[in-house]
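Only this structure's heavy atoms are used, side chains among them; waters, hydrogens and symmetry mates stay out.
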Amino acid sequence: MSVIDHRDPDTLPTWQFDWGAITWHVTPDSVPGAASTVGEVIINPGHGHAAHTHDDADEILYIIDGVGEQTVGDHPSFRVVAGDAVNVPRGTVHSTFNRGWRPLRILAVYTPGGAENALRGLPDFHEIPAGEAPRWVQA
C-alpha cells in the first residue's frame with residue numbers, strides 16, 4: 001500500500017545561505033519511509049557554492065530556470081540551462097554557480113537521502129520558518 005504525502009511549500013522552512021536558499025520538500029527525516037531527498041535550490045545571480053562532495057549519496061541536479069556553470073569531478077566546467085540534468089556520483093567534487101541575471105532554480109535529489117543534514121553545519125546557514133521569505137543584502 002502506498003501513502004501520498006503532499007508537501008505544501010508554504011508549510012516548509014527554507015534554509016538560507018550567502019549564495020541563495022533551499023527548501024527541502026522530501027527528506028527521510030520529514031517523510032516517513034522516504035529513501036531520497038528532494039529540494040528546490042535557488043542560487044542568486046553572481047553567486048554559487050564552493051566545490052564539495054557528498055561521500056554517501058549520489059546527487060541529480062535538474063535545472064528548472066536560469067543559466068549556470070557546473071563542475072563535476074576533473075572535467076572542465078560547463079554551461080547548464082533549463083531542462084539540463086546533471087549526475088554527480090557520490091564522492092565526486094562538484095560546484096554550481098549562477099552566471100545569469102536572474103535566480104538559478106534547481107531541483108536537487110540525493111540518493112540515499114540525508115546528505116542535506118551536513119549543510120546545517122555551514123557557517124552561513126540560517127533556517128527561516130515556514131511562510132517567511134528569505135532576505136538578502138545587495139552587494
How are the rings of W24 and Y110 set relative to one another: parallel (under 30°), tilted (30 to 60°) or perpendicular (over 60°)? tilted
So, S36 side chain and T111 main chain: donor-acceptor pair closer than 3.5 Å or not? no
Using 30° and 60° as the class boundaries, would you call the ring planes of H49 and H94 parallel, tilted or perpendicular? perpendicular
With a 3.5 Å distance limit and no angle check, can you tell me whether N98 reaches the backbone of I43 through a side-chain donor-acceptor pair? yes
Please report the C-alpha distance between T14 and T23 in whole Å, then the side-chain angles of each, then the deciding distance to 0.1 Å, and finally whether the side-chain hydrogen bond (donor to acceptor under 3.5 Å, both in side chains) criterion is met. CA-CA 5 Å; T14 298; T23 298; 3.2 Å; yes
Just checking D56: does its CG atom have more than 12 heavy atoms from other residues, nucleotides or ligands closer to it than 6.0 angstrom? no
Is there a donor-acceptor pair under 3.5 Å between the side chain of Q70 and the backbone N or O of R79? no
Short question: side chain of E59, backbone of A108 - any donor-acceptor pair under 3.5 Å? no
Take atom CG of N87 as the centre, draw a 6.0 Å sphere, and report whether it contains more than 12 heavy atoms from other residues, nucleotides or ligands. yes
At what distance, to the nearest 0.5 angstrom, does NE2 of H52 lie from OG1 of T92? 11.0 Å
With a 3.5 Å distance limit and no angle check, can you tell me whether T37 reaches the backbone of G114 through a side-chain donor-acceptor pair? yes
Anything under 30° is parallel, anything over 60° is perpendicular, the rest tilted; go ahead and classify W19 against F17. parallel
What do you reckon, is CZ of R120 surrounded by more than 12 foreign heavy atoms closer than 6.0 Å? yes
